[in-house]
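Everything below concerns the one structure shown next.
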Amino acid sequence: AVMRHLPYFCRGEVVKGFGRGSKELGIPTANFSEQVVESFPSDISTGIYYGWACVGNGDVHKMVLSIGWNPFYKNIKKSVEAHIIHTFKEDFYGEILSIVITGYIRPEKNFDSLEALISAIHEDIEEAKRQLDSPDQLKLKEDNFFHMPESKIVNNH
C-alpha cells in the first residue's frame with residue numbers, strides 16, 4: 001500500500017509537537033496538526049519517507065518524514081513529522097508547510113536507546129539525500145504545488 005499513494009501532496013499549518021525533535025534528538029521536526037494527520041489515507045503504511053518540503057512560499061528543500069506512532073516514545077496518537085534538510089534561522093510555527101512525499105525508506109521500528117534512534121535518523125537523512133538527487137525526484141521539486149497564490153499564505157508575525 002506504500003507506493004499506491006505516492007507521490008502524496010499535503011499542506012497544512014505547522015503546530016507545536018512534543019518538543020523532542022530539537023531538544024532530545026538534535027533533529028528539529030515540523031509537525032502537522034491532527035486534522036492534517038487524519039486526512040492522510042488510512043491505509044498508508046507507517047514508516048520513514050522522503051520527499052520535498054516548502055515553508056510558506058520559501059525555497060523547496062529535501063526532507064525526511066516520519067508517519068506513525070513513534071514506538072520509541074509510545075505515542076497513542078499517530079503523528080506526521082517532517083525533518084527538513086536545511087537550517088532555518090528561526091522556527092515557523094503557524095506557517096503553512098507544503099510537502100510532497102515521493103518515496104519510502106523503511107518501516108517504523110523501536111530502538112534500544114536514544115543513540116540508536118539518532119543514528120537511524122541520520123542514516124535515513126543520508127538515504128533521502130541520495131534518492132532525491134535522481135532526475136525523477138528532482139522533477140517533483142519544481143511542481144506547481146509549491147507555488148501557492150499569495151492569498152493562501154497566512155503570516156501571523
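Note that the structure is a prediction, hence the values are computed from the model and not measured.
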Distance check, rounded to the nearest 0.5 Å: [X] atom [atom1] versus [Y] atom [atom2]?
X: Lys78; Y: Ile44; atom1: NZ; atom2: CD1; answer: 8.0 Å
X: Asp112; Y: Asn110; atom1: CG; atom2: CG; answer: 7.5 Å
X: His5; Y: Ser45; atom1: NE2; atom2: OG; answer: 7.5 Å
X: Leu25; Y: Ile118; atom1: CG; atom2: CD1; answer: 5.0 Å
X: Lys129; Y: Met63; atom1: NZ; atom2: CE; answer: 15.0 Å
X: Ile48; Y: Lys109; atom1: CD1; atom2: NZ; answer: 9.0 Å

task = Assess the pair Tyr8 and Phe40: is the distance between their ring centroids shorter than 6.0 Å?
result = yes
ask   = Do His61 and Phe88 have ring centroids that are under 6.0 Å from one another?
value = yes
query = Are the side chain of Arg11 and the backbone N or O of Phe146 linked by a donor-acceptor pair below 3.5 Å?
reply = no
Considering all heavy atoms of both residues, which atom of [X] and which atom of [Y] are nearest to each other, and what is their separation?
X: Ala120; Y: Arg106; value: CB-NH2, 4.0 Å
X: Ile105; Y: Asp124; value: CD1-O, 3.4 Å
X: Ser98; Y: Phe145; value: CB-CE2, 3.7 Å
X: Trp52; Y: Val60; value: CB-CG1, 3.7 Å
X: Pro7; Y: Val100; value: CB-CG1, 3.8 Å
X: Thr46; Y: Gly68; value: CG2-CA, 3.7 Å

Decide yes or no for [X] and [Y]: does some side-chain heavy atom of the first lie under 4.5 Å from some side-chain heavy atom of the second?
X: Leu65; Y: Val80; value: yes
X: His147; Y: Asn144; value: yes
X: Ile27; Y: His122; value: yes
X: Leu97; Y: Glu13; value: no
X: Cys10; Y: Phe32; value: yes
X: Phe9; Y: Asp143; value: yes
X: Asp43; Y: Arg4; value: yes
X: Leu132; Y: Tyr50; value: yes

inquiry  = What verdict does the side-chain contact (heavy atoms from CB on, under 4.5 Å) test give for Val64 and Ile121, after you've listed the backbone C-alpha separation in whole Å, the side-chain angles of each residue and the deciding distance to 0.1 Å?
reply    = CA-CA 9 Å; Val64 174; Ile121 294 169; 5.9 Å; no
ask   = Looking only at side chains, do Gln137 and Thr102 share a donor and an acceptor under 3.5 Å apart?
value = yes
task = Can you run down the salt bridge (Lys or Arg N to Asp or Glu O under 4.0 Å) pairs that involve residues 44-68, sequence neighbours left out, and say none if there aren't any?
result = Lys62-Asp133
ask   = Could you go step by step and tell me if Ile85 and Ile125 meet the side-chain contact (heavy atoms from CB on, under 4.5 Å) rule?
value = CA-CA 8 Å; Ile85 304 171; Ile125 290 169; 3.8 Å; yes
message = Assigning hydrophobic clusters by single linkage (Ile, Leu, Val, Met, Phe, Trp, Tyr; side-chain heavy-atom cutoff under 4.5 Å), is Val37 placed with Ile67?
response = yes
